[in-house]
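Following: one structure in structure tokens, then a few remarks.
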Amino acid sequence: MSKIAATFSALKAHNKTALVTFITAGDPGKESTVPLMHALVAGGADIIELGVPFSDPMAEGPVIQRACERALANGVGIRDVFGYVAEFRKTNQTTPVVLMGYANPIERIGPQAFIEQSVAVGADGAIVVDYPPEECEEFAAAMRAAELDLIFLLAPTSTEERISQVAKVGGGFSYYVSLKGVTGAGNIDVVDVAQRLTAIRKHVKLPVGVGFGIRDGATARAVAEVADAVVIGSRIIQEIESAGKDGAVAAVQAFTTSIRTALDA
């Protein structure tokens, strides 16, 4: 059982919803990433998505785009991201870490090198936004062989064929994008989400997390009624932006705690 699967299993046994949190590696500073990862865990995050900075993050709204720009300006690339995971693992061997990003950095170092480095540093999986599930069965199989989970996005516009393909090749959990658009762009319709998850679960037996549009405890709690995981990214990046380098760790931990408290209420 993968670390991600084990996390969902343990949470289900306690009737709890997973809290999946996202930050961009290298934002707001190179030295900020590992303390922020620990702050997320201290606040109650169950899984960390660690964003690999990329120049053209097409699924992201302006908040995460700015985070990528700051990280790239700090000189942070995929090899630095591996280093952050290795450093995090020195004191936390249990919280799953998922590397989230785009195909270009992976293709540049080579998919097999990406897998080997992920295993070496203790990462647990990846979300590659622009790897279509129909075109990366070989990569998905190589990830599975290395006991890594390849997680795919599903959207309101996903066809039944796409959902079936994600069920075939995906691992860890499936990530349902609740909005038509980029992350951080609007408000979530929980009734519509519930209907879509029912359709998705006809094919997908993995846990389903919901993200894009969750900005506060009340919305997180509402989504938790229908989803296996609540995914928050842009709102956390906004906390980092507002607090600045010196206050980012405390702000992120406080915000994450507020969401965890709402989920467990």
Side-chain angles (χ1 to χ4, degrees), residues 1-9 11-12 17-25 37 40 45-52 54 57-60 64 78 81-82 85 95-107 111 114-115 117-119 121-156 158 162-179 183 193 196-197 200-201 203-212 214 223 227-234:
M1 183 181 292
S2 74
K3 200 176 292 179
I4 294 171
T7 296
F8 276 103
S9 179
L11 289 166
K12 186 175 181 180
T17 302
L19 175 55
V20 182
T21 54
F22 171 93
I23 58 171
T24 299
M37 293 171 75
L40 291 168
D46 299 297
I47 297 171
I48 295 173
E49 291 178 3
L50 187 59
V52 179
F54 185 55
M58 59 192 175
E60 323 297 350
I64 296 179
I78 192 167
V81 177
F82 288 132
V85 179
T95 303
V97 176
V98 175
L99 304 182
M100 183 169 184
Y102 294 81
N104 188 281
I106 295 173
E107 294 294 330
F114 174 81
I115 290 170
Q117 281 296 302
S118 295
V119 171
V121 301
D124 301 286
I127 300 170
V128 189
V129 176
D130 48 351
Y131 269 172
E134 297 84 1
E135 297 178 18
C136 65
E137 290 194 9
E138 184 177 336
F139 181 65
M143 289 279 284
R144 278 195 303 276
E147 299 183 349
L148 297 171
D149 287 317
L150 185 59
I151 298 159
F152 288 96
L153 304 177
L154 289 168
S158 293
R162 167 60 63 90
I163 295 169
S164 296
Q165 181 66 11
V166 166
K168 179 182 175 183
V169 299
F173 67 97
S174 291
Y175 185 159
Y176 178 65
V177 173
S178 62
L179 302 172
T183 182
V193 168
R196 291 296 297 167
L197 293 194
I200 287 168
R201 286 183 171 127
H203 303 277
V204 174
K205 304 310 176 187
L206 294 169
V208 182
V210 174
F212 286 43
I214 301 172
V223 170
D228 302 296
V230 168
V231 187
I232 303 181
S234 291

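Positions are given from 1, in the same order as the sequence printed here.
Between F8 and F173, the angle of the ring planes lies from 30° to 60°, which puts this pair in the tilted group.
Side-chain atoms of Y102 come within 3.5 Å of backbone N or O of A59 as a donor-acceptor pair. Between the side chain of D124 and the backbone N or O of I4 there is no donor-acceptor pair closer than 3.5 Å. A side-chain donor-acceptor contact under 3.5 Å links S178 to the backbone of G211.
For the pair F82 and S118, the minimum side-chain heavy-atom distance is below 4.5 Å. In this structure the side chain of E49 never reaches within 4.5 angstrom of the side chain of I151, judged on heavy atoms. For the pair L50 and I23, the minimum side-chain heavy-atom distance is below 4.5 Å. Side-chain contact between Y175 and V20: absent, with no pair of heavy atoms (C-beta onward) separated by less than 4.5 Å.
When all heavy atoms of T21 and A45 are compared, the closest pair comes out as OG1-CB, 3.4 Å. The nearest pair of heavy atoms linking A123 to V85 is N-CG1, 3.8 Å.
For residues 136-149, the salt bridge (Lys or Arg N to Asp or Glu O under 4.0 Å) pairs, not counting sequence neighbours, are E137-K168.
Remark: R196 engages no residue in a salt bridge (charged side-chain N to carboxylate O under 4.0 Å, His left out) (not counting sequence neighbours).
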